[in-house]
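Below is one structure; the comments refer to it alone.
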Number of protein chains: 2
Amino acid sequence: MADEMKMQRNPMADIGLDVLEDTLSFYIRSINMAISRDLDASLDGLEVARGTGKITTLLLVDRHPGIRPSVIATLIQRDRSAMVRLVDQMEESGLLTREVAPDDNRAQGLFITGRGRALAAEIRPRVVRQSREFFPDITDEEHAVLIRVLGRTYRRIVGLPPAGKNKTSGEP
Amino acid sequence: MADEMKMQRNPMADIGLDVLEDTLSFYIRSINMAISRDLDASLDGLEVARGTGKITTLLLVDRHPGIRPSVIATLIQRDRSAMVRLVDQMEESGLLTREVAPDDNRAQGLFITGRGRALAAEIRPRVVRQSREFFPDITDEEHAVLIRVLGRTYRRIVGLPPAGKNKTSGEP
DNA sequence: TATTGTTATACTCTATAACTATA
DNA sequence: TATAGTTATAGAGTATAACAATA
C-alpha cells in the first residue's frame, strides 16, 4: 500500500545517476554547461559573451602583443578556421588588429586596441569573480586543489610546460 | 644578445594565461572541449556519440523505467524542446520507447528496449574507463576530491539532494 | 613538402517563442 | 492558470575539406 503511494511526489529525490555518479567527465560536461551560461549572463552585452574563445583571446592579445592566431588556437583548442572567424569578429568590433609578422610573411601578429584594452580591464575582475562565486559551497582549500589538478590537466592537453617552469624558455 | 636570440623558437614555452591561470571556469570549459572530443572518439559509431545528453538519457532510462523526459531534462540541463529531439532521435534508433503516463495524460514515461539495454551495458564500462584514463597524471586521491567537489556542485545546480541522502524519499 | 591563414559547406547545438492538451 | 510535451526558427558553434601564399 505504501509502495503504491510513493508515486513520484518529488521526482528528483531518489534519482541515482548510475555509473555517472563516479564519472568525472559527466560532472565536467554538466558543470561546463551551467558555468558557461552563468558566465554569459554575467558578461551580457559586453561583446565577449557567448562562445568559449573570445575572453581568452582578448586577454592573451592584451598580455602578449604580437601573439599569433595559431598559438591562441592551440590554447583554446580550436582549429585555424574557427580562429579566423573569431579574429574577424573581434577585429570588426575594434578590439584588436592584425599585422603581418616581420619575420614570417605567412604569419600574423595580433595587437590590442584601446577599446580592447579597456574591455580586458573591465572583464578581468568579472571573470575571476564569476568563477569563484559559481562554487559557493566549496572551501578555499578545495578550490586550490581544483585549480592545481585541472590546471595540470589543461597544460598537458594543450602542450604547455608544467606550472612553475614557464619562466625558462624551454627546448622544443 | 641572448635577449634578441629568444624570438619565438617554441611559441608555447612562455605563454602566461593572465588571470585565467587561476580561474576555474576557464579550466572547466577548456577541459570540457577536450574530454568531449575524446569521449566522442572512444564511442565512435555507437549511436550515442556526439552531444551531451544521449549517454545520460540512456543510462537513466535503463536504470529508472518510466522516468519522465522533463526529469531527465533537468538533470542534463536542457529545456524540454531539446529533450524532445533527443528522445525522438533515440526512439528512432530503437533505444527506448515512450508511453503515456498512467497517472497524468500530459506526461510520458520512457522505457528501455532490448537494443537500448544492450547498448547501455556496452557503454557503461567504456564511459567510466574513458573518464579515468583522460586524467592519467592525477592520483586516486585527487580523483576522489574532484568527484566529491564537482559532484556536490552538480547536485546543487540541478537540485538533487546532497550525496548520501538520496536513499530517503525526501519532502518537496 | 609543410605551415599559416583563409574560404566554403554541412552539420549540430542553443535559445526563444508559440502552440496543444491536459491538469 | 500552470504544466508536459511539441513544433518552428534564427543564431552560433563544430568539423571537414580545399585553397593561396610563403617557408
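Labels below follow one simple rule: chain letters A, B, ... track the order of the sequence lines, proteins then strands, and each chain is numbered from 1.
With hydrogens and angles disregarded, no donor-acceptor distance shorter than 3.5 Å links the side chain of A:R156 to the backbone of B:D137. When atom types are taken as modelled, the side chain of B:T113 and the backbone of B:G94 share a donor-acceptor pair closer than 3.5 angstrom.
Between B:D103 atom CG and D:dT3 atom P there is a gap of 16 Å when expressed in whole angstrom units. Between the P atom of C:dT12 and the CE atom of A:M33 lies a distance of 17 Å, rounded to the nearest Å. Separating the CD atom of A:E47 from the P atom of D:dA12 is a distance of 13 Å, rounded to the nearest angstrom. If you take CD of B:E99 and C1' of D:dG5, they are 16 Å apart, rounded to a whole angstrom. The interatomic distance linking B:D88 (CG) with D:dG5 (P) rounds to 12 Å, in whole Å. Taking atom CD1 of residue A:I76 and atom C1' of nucleotide D:dT14, one finds them 13 Å apart after rounding to whole Å. Following rounding to the nearest Å, B:D104 (CG) and C:dA21 (P) show an atom-to-atom distance of 16 Å. Between the CZ atom of A:R68 and the P atom of D:dA23 there is a distance of 11 Å, given to the nearest Å.
Interatomic distance, B:L110 CG to B:L96 CG, rounded to the nearest 0.5 Å: 6.0 Å.
Between A:K54 and the phosphate of D:dG13, there is a side-chain N or O to OP1/OP2 separation shorter than 4.0 Å. Within the 4.0 Å cut-off from OP1 or OP2 of C:dA21, not a single side-chain nitrogen or oxygen of B:N105 is found. Residue B:R37 has a polar side-chain atom (N or O) positioned under 4.0 Å from OP1 or OP2 of D:dA15. OP1 or OP2 of D:dT14 has not a single side-chain nitrogen or oxygen of A:Q77 nearer than 4.0 Å. Checking the phosphate oxygens (OP1, OP2) of C:dT14, no side-chain nitrogen or oxygen of B:S81 falls inside 4.0 Å. The phosphate of D:dT6 has neither OP1 nor OP2 within less than 4.0 Å of any side-chain N or O from B:R106. Distances shorter than 4.0 Å separate none of the side-chain N or O atoms of B:R29 from OP1 or OP2 on D:dG13.
For the pair A:D40 and A:Q108, nearest-nucleotide mapping onto DNA chain C gives the more 5' position to A:Q108. If you find the closest nucleotide of DNA chain D to B:R85 and to A:Q89, the one lying nearer the 5' end belongs to B:R85.
Among the atoms of the strands shown, base atoms are found under 4.0 Å from some heavy atom of A:D79. Nucleic acid contact class of A:A82 (heavy atoms, under 4.0 Å, all strands): none.
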Worked verdict on A:F134 versus B:I157 for side-chain contact (heavy atoms from CB on, under 4.5 Å): CA-CA 10 Å; A:F134 189 80; B:I157 291 170; 3.7 Å; yes
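Looking only at side-chain heavy atoms (C-beta outward), B:F135 and B:I31 come within less than 4.5 Å of each other.
Contact annotation: side chain of B:R80 to base of D:dG5, donor-acceptor pair present below 3.5 Å.
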